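No experiment lies behind these values; they were computed from the predicted model shown.
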Amino acid sequence: MSISPSPQVVELAPGIFAYIQPDGGVMLNNAGFIASGSDLLLIDTCATEARTKALLAAAQAKTGLRPTLVVNTHHHGDHTFGNCVTNPAPIISHEYARRRILATGLAPMSLTPTVQFGDLVLAAPTITVESHAHLYVGAIEVHLLHLGVAHTAGDLVVWLPESRVLYAGDILFNGGTPFLIDGSLSTYDRVLDKIRDLDPRLIVPGHGDPAGTDLLDETWDYLRWLRRLVEEAHERGQSPLEAARAADPGPFSEWLDSERLVVNIARGLAEINGAAPAEPLDYARMFADMTALRGGPIHTLA
């Protein structure tokens with residue numbers, strides 16, 4: 001199946017693959033698949049019917065298999081809207097992710113109206129994890145770990161201890177701006193520390209190319225800078241949009257989707273003012289502020 005931009009399949013270790021969708025921006029997520037024996041574990045689906053079918057075709061071309069199990073790393077639609085295309089494979093997620101998928105349905109598609117999503121129906125996970133689970137894909141040991149609230153309150157990482165490969169979902173972006181609309185600034189760094197403690201050899205981020213632990217360092221630097229912005233905005237009584245417009249992103253200005261800064265400041269200010277991690281923000285207001293900061297509609301090549 002031909003789609004543009006063209007995805008890339010990277011074999012990270014025997015039977016262990018990353019599925020990379022350039023440019024890694026909005027609705028162009030990474031996925032992955034693990035094959036051993038007659039088993040194929042799919043890690044996330046894609047935003048559209050066509051892109052999820054292309055993912056399944058790529059997995060079958062490499063392994064000769066269709067998914068026997070699917071893991072959703074979190075609830076956002078770019079990683080879950082294509083769940084229905086994987087039927088009848090069971091789907092696993094964190095309990096919070098399942099609740100959010102059921103609560104929001106396919107309504108978030110309206111946030112990116114230029115994307116051709118295709119013929120999709122809601123398919124929520126049927127198996128949930130609270131803290132951790134171990135499973136085997138053929139002979140490959142797989143750990144599903146909930147390390148805390150970072151990108152969302154329902155993030156799962158997929159950890160392969162033998163090959164030391166970690167699928168991080170959107171806890172990590174490579175060349176893209178972190179997005180805290182459903183997450184937490186106050187607890188994000190603890191999750192990064194737990195990932196570092198695993199000592200991964202390779203990390204597959206939710207968007208962008210696979211990388212080493214330098215990706216943790218870059219994200220730490222961004223969060224440190226973001227905290228300073230939030231503290232200054234709080235002291236000055238600035239709104240998130242005012243603070244974002246006044247900020248100098250420096251090295252982070254080259255990252256994709258830099259308009260997410262306004263949302264990330266809003267998250268930090270909410271927590272300073274007593275909000276709990278992942279307490280809901282006003283989605284309509286946040287997307288309006290991102291559009292205002294960007295000076296136009298949210299960009300996507302999906």
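Side chains of Asp44 and Thr73: a donor on one and an acceptor on the other come within 3.5 Å. The closest side-chain donor-acceptor pair between Thr177 and Asp257, if any, does not fall under 3.5 angstrom. Using modelled atom types and a 3.5 Å distance limit, the side chains of Asp170 and His76 yield no donor-acceptor pair. For the residue pair Ser36 and Asp39, no side-chain donor N or O sits within less than 3.5 Å of a side-chain acceptor on the partner.
The nearest pair of heavy atoms linking Leu160 to Val142 is CD2-CG2, 3.6 Å. Listed here is the closest heavy atom pair of Pro22 and Ser6: CD-O, 3.3 Å. In terms of heavy atoms, Val149 sits closest to Gly183 at CG1-C, 4.0 Å. Closest approach of Val26 to Ile298, counting heavy atoms only: CG2-CG2, 3.8 Å. Taking both residues in full, the closest heavy atoms of Val85 and Arg66 are given as O-NH2, 3.6 Å, listed atom of the first, atom of the second, then distance. Heavy-atom minimum distance, Thr213 versus Ile203: CA-CD1, 4.3 Å.
For the pair Val70 and Asn72, the minimum side-chain heavy-atom distance is below 4.5 Å. Contact check for Asp23 versus Pro5: no side-chain heavy atoms found under the 4.5 Å cut-off. Counting only heavy atoms from C-beta outward, the side chains of Thr48 and Ile3 never approach each other to under 4.5 Å. Inter-residue side-chain proximity for Arg201 and Val165 is flagged as met; some heavy-atom pair is nearer than 4.5 Å. Residues Ile140 and Glu162 are not in side-chain contact: their nearest non-hydrogen atoms beyond the backbone lie 4.5 Å or more apart. Using a 4.5 Å cut-off on side-chain heavy atoms (C-beta onward), Leu69 and Leu135 make contact. The shortest distance between side-chain heavy atoms of Arg51 and Tyr19 does not fall below 4.5 Å. At a threshold of 4.5 Å between non-hydrogen side-chain atoms, the residues Trp225 and Pro249 count as touching.
In terms of modelled atom types and a separation under 3.5 Å, the side chain of Arg260 and the main chain of Pro178 share no donor-acceptor contact. At distances below 3.5 Å, not a single donor-acceptor pair connects side-chain atoms of Thr112 with backbone N or O atoms of Val115. Here the side chain of Arg98 pairs a donor or acceptor atom with the backbone of Pro125 at under 3.5 angstrom. The closest donor-acceptor contact from the side chain of Arg267 to the backbone of Leu180 lies under 3.5 Å. Under a 3.5 Å cut-off, the side chain of Thr45 and the backbone N or O of Asn83 do form a donor-acceptor pair. Although no hydrogens or angles enter the test, the distance criterion places no donor-acceptor pair under 3.5 Å between the side chain of Asn29 and the main chain of Gly206. Formation of a donor-acceptor pair under 3.5 Å by the Arg294 side chain with backbone atoms of Pro297 is found in this model. No donor-acceptor distance shorter than 3.5 angstrom exists from the side chain of Asp289 to the backbone of Met286, with no hydrogens or angles considered.
The ring pair (Phe, Tyr, Trp, His ring centres under 6.0 Å) analysis of residues 91-113, with sequence neighbours excluded, yields the pairs His75-Tyr96, His94-His146.
Atoms OH and CZ, on Tyr167 and Phe33 in that order, are 8.0 Å from each other to the nearest 0.5 Å. Remark: Asn264 CG to Glu259 CD distance equals 10.5 Å, nearest 0.5 Å. In this structure, the separation between CG on Leu41 and OG1 on Thr68 is 7.0 Å, given to the nearest 0.5 Å. For the atom pair CG (Asp78) and CG (Leu28), the distance works out to 8.5 Å, reported to the nearest 0.5 Å. With rounding to the nearest 0.5 angstrom, the CG atom of Asn273 is 11.0 Å from the CD atom of Glu279. Between the CZ atom in Arg100 and the OG atom in Ser93 there is a gap of 12.5 Å [rounded to 0.5 Å].
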*asked:* Between Asp221 and Arg224, does the salt bridge (charged side-chain N to carboxylate O under 4.0 Å, His left out) criterion hold? Intermediate values first, please.
replied: CA-CA 5 Å; Asp221 289 345; Arg224 189 178 297 113; 2.9 Å; yes
*Can you check side chain to side chain contact (heavy atoms under 4.5 Å, CB included) on Leu226 and Ile265, steps first, answer last?*
CA-CA 7 Å; Leu226 176 60; Ile265 292 172; 3.9 Å; yes
*asked:* Test side chain to side chain contact (heavy atoms under 4.5 Å, CB included) on Leu56 and Leu42; report intermediate values, then the result.
replied: CA-CA 9 Å; Leu56 297 185; Leu42 186 68; 3.8 Å; yes
*After noting the C-alpha distance and the side-chain angles of Asp155 and Val191, does the key distance pass the side chain to side chain contact (heavy atoms under 4.5 Å, CB included) rule?*
CA-CA 10 Å; Asp155 297 324; Val191 174; 5.9 Å; no
_Residues Phe173, His151; criterion side chain to side chain contact (heavy atoms under 4.5 Å, CB included); working and verdict_ = CA-CA 10 Å; Phe173 292 74; His151 179 64; 4.3 Å; yes
*List the steps, then state whether salt bridge (charged side-chain N to carboxylate O under 4.0 Å, His left out) holds for Glu49 with Lys53.*
CA-CA 6 Å; Glu49 179 187 15; Lys53 286 182 175 178; 3.0 Å; yes
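For His134, the NE2 atom sits in a packed shell: over 12 heavy atoms of surrounding residues, nucleotides or ligands are nearer than 6.0 Å. By the 6.0 Å contact criterion, CD on Gln116 is open, its count of non-hydrogen atoms from other residues, nucleotides or ligands being 12 or less.
Residues Phe287 and Phe81 share a hydrophobic cluster, clusters being chains of Ile/Leu/Val/Met/Phe/Trp/Tyr side chains in contact below 4.5 Å. Leu172 and Leu261 fall within the same hydrophobic cluster, defined by Ile, Leu, Val, Met, Phe, Trp and Tyr side-chain heavy atoms under 4.5 Å apart, directly or through other members. Linking Ile, Leu, Val, Met, Phe, Trp and Tyr whenever their side-chain heavy atoms come within less than 4.5 Å puts Leu147 and Leu215 in one cluster. Note: the hydrophobic cluster containing Ile34 also contains Leu202 (ILVMFWY, side chain heavy atoms under 4.5 Å, direct or indirect links). Cluster membership check: Phe179 shares its hydrophobic cluster with Met109, using side-chain heavy-atom separations under 4.5 Å among Ile, Leu, Val, Met, Phe, Trp and Tyr.
With respect to Arg196 and Asp189, no salt bridge is recorded, no charged nitrogen being found less than 4.0 Å from a carboxylate O.
Proximity of the aromatic rings of Trp255 and Tyr222 is defined here by a centroid distance below 6.0 angstrom, and this criterion is met.
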